Amino acid sequence: MTALPWILTSAAVVALVLLVVVARSLVLRRQRGGADRLARTLHLNARWWTERRAKDGELLYVALGDSAAQGVGASQPGRSYVGLIAQHLRQRTGRSVQVVNLSISGARLREVIALQLAPLRLLSPDIVTVAVGANDMPTFEQDQFTRELAEVFDSLPAGSIVAEMPSFYLGSSERNVRAANAIVHRLASEHGFEVAPLYAKTRRQGAALYALNRVSIDFFHPNDRGYRVWASAFLPLVDRVVASTSDDQPNDGDAGLA
């Protein structure tokens, strides 16, 4: 009889371990399936932004970045943070907005340098946002990251808005993000750029809430709610840039996303 509590406790521990193993397996299976599904939509996002580029506007908004700027994970590209910023610009200024989204899914800093900076130099944007570096975190090397980010910043026009890396919450990537964000702030200060507080905005959500309510089917890219969090990091700085370059006053009836 004295062994019964021990047996019951051991059985409960074994059952808990099995439950964790099964749950982890289901999550990984869903994550792989979700990543495959999103990968099949990348060309659709790129085509959507190419079509928007052809539409003229009174204001020119240029976005540099990776799959997040493409809106991967959103129900439609217009609900990405880039799409939300463009919508906000239209509402706040009363002007039409042409969006040139130079971002490329999967881009690291080296792809931004190789493929996005040259087209940027041909444009005269009213506003520029840059959110890149998350894809550099798994293989983060401080000197290389600093050198490549400095090259990107050297090519940006005055008044550009650069973003922190979002929070990864746990593990080595989170440690890398913190080190990378210190570099972002230092270089942005040297170049006179405003920094969108994306790390703080995403970190504040908490890992559990973000995983359950703010990410897409691949458990990595934001969903529509997640992209609203991203947009909220940019919008106060967007308003500041617009106010400094325009006589237009914000529409007080629009509370925005912040």
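Quick note: numbers below take in every heavy atom, side chains included, and nothing from hydrogens, waters or symmetry partners. The first residue of the sequence shown is numbered 1, and numbering continues consecutively from there. Being a predicted model, the structure only gives us computed values, none of them experimental.
Under the 4.0 Å criterion applied to side-chain N and carboxylate O atoms, Arg178 and Glu174 are assigned as salt-bridge partners.
Distance CZ/Arg47 to CZ/Arg52: 11.0 Å, rounded to 0.5 Å. The CD atom of Gln144 lies 7.0 Å from the OG1 atom of Thr139; values are rounded to the nearest 0.5 Å. With rounding to the nearest 0.5 angstrom, the OG atom of Ser75 is 10.0 Å from the CZ atom of Arg225. Atom CD1 of Ile183 is separated from atom NE2 of His185 by 11.5 Å, given to the nearest 0.5 angstrom. Residue Met165 holds its CE atom at 7.5 Å from CG of Asp136, rounded to the nearest 0.5 Å. From Arg186, atom CZ reaches atom NE2 of His191 across 10.5 Å, with rounding to the nearest 0.5 Å.
Formation of a donor-acceptor pair under 3.5 Å by the Thr50 side chain with backbone atoms of Ala46 is found in this model. In terms of modelled atom types and a separation under 3.5 Å, the side chain of Gln98 and the main chain of Arg53 share a donor-acceptor contact. Judged purely by atom type and a 3.5 angstrom limit, Gln116 has no side-chain atom pairing as donor or acceptor with the backbone of Leu64. When atom types are taken as modelled, the side chain of Ser96 and the backbone of Glu58 share a donor-acceptor pair closer than 3.5 angstrom.
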List the atom pairs, donor and acceptor, that lie under 3.5 Å between side-chain atoms in residues 124-132 and the rest of the protein, sequence neighbours left out.
from	atom 1	to	atom 2	distance (Å)
Asp126	OD2	Leu60	N	2.7
Thr129	OG1	Tyr61	OH	2.8

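Trp48 and Ile104 are members of different hydrophobic clusters when ILVMFWY side chains are connected at heavy-atom separations under 4.5 Å. If you chain together hydrophobic residues whose side chains sit under 4.5 Å apart, Phe153 and Leu123 fall into the same group.
The two atoms that bring Leu120 and Pro157 nearest to each other are CD2-CD, 4.1 Å, heavy atoms only. Nearest heavy-atom pair across Ala233 and Lys201 is CB-CG, 3.7 Å. Minimum heavy-atom separation, Val195 to Ala188: CG2-CB, 3.4 Å. Asn135 and Gly106 make their closest contact through ND2-C, 3.3 Å (heavy atoms, listed as atom of the first residue, atom of the second, distance). For Ser80 against Gly71, the heavy-atom pair with the smallest separation is CB-CA, 3.3 Å. Scanning all heavy atoms of the two residues, the minimum distance from Tyr227 to Arg79 falls at CB-O, 3.4 Å.
Among the candidates Asn101, Asn45, Val82, the single residue satisfying the side chain to side chain contact (heavy atoms under 4.5 Å, CB included) test with Pro77 is Asn45. The side chain to side chain contact (heavy atoms under 4.5 Å, CB included) test with His88 is passed by exactly one of Thr93, Val97, Leu235: Leu235.
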Please lay out, stage by stage, how Asn181 and Val177 fare under the test side chain to side chain contact (heavy atoms under 4.5 Å, CB included). CA-CA 6 Å; Asn181 281 339; Val177 160; 3.4 Å; yes
Starting from the C-alpha separation in whole Å, work towards a yes-or-no answer on side chain to side chain contact (heavy atoms under 4.5 Å, CB included) for Arg108 and Glu111. CA-CA 5 Å; Arg108 297 159 296 179; Glu111 282 78 40; 2.7 Å; yes
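Using the six-membered ring where Trp is involved, Tyr81 and Phe234 have ring planes that are parallel, under 30° apart on the 30 and 60° scheme.
Counting heavy atoms from C-beta outward, Met137 and Phe145 have side chains that approach closer than 4.5 Å. The shortest side-chain heavy-atom distance between Arg92 and Val242 does not fall under the 4.5 Å cut-off. At least one side-chain heavy atom of Trp49 sits less than 4.5 Å from a side-chain heavy atom of Gln70. Residues Leu102 and Leu117 are not in side-chain contact: their nearest non-hydrogen atoms beyond the backbone lie 4.5 Å or more apart. Between Arg95 and Leu89, every side-chain heavy-atom pair lies at or beyond the 4.5 Å cut-off.
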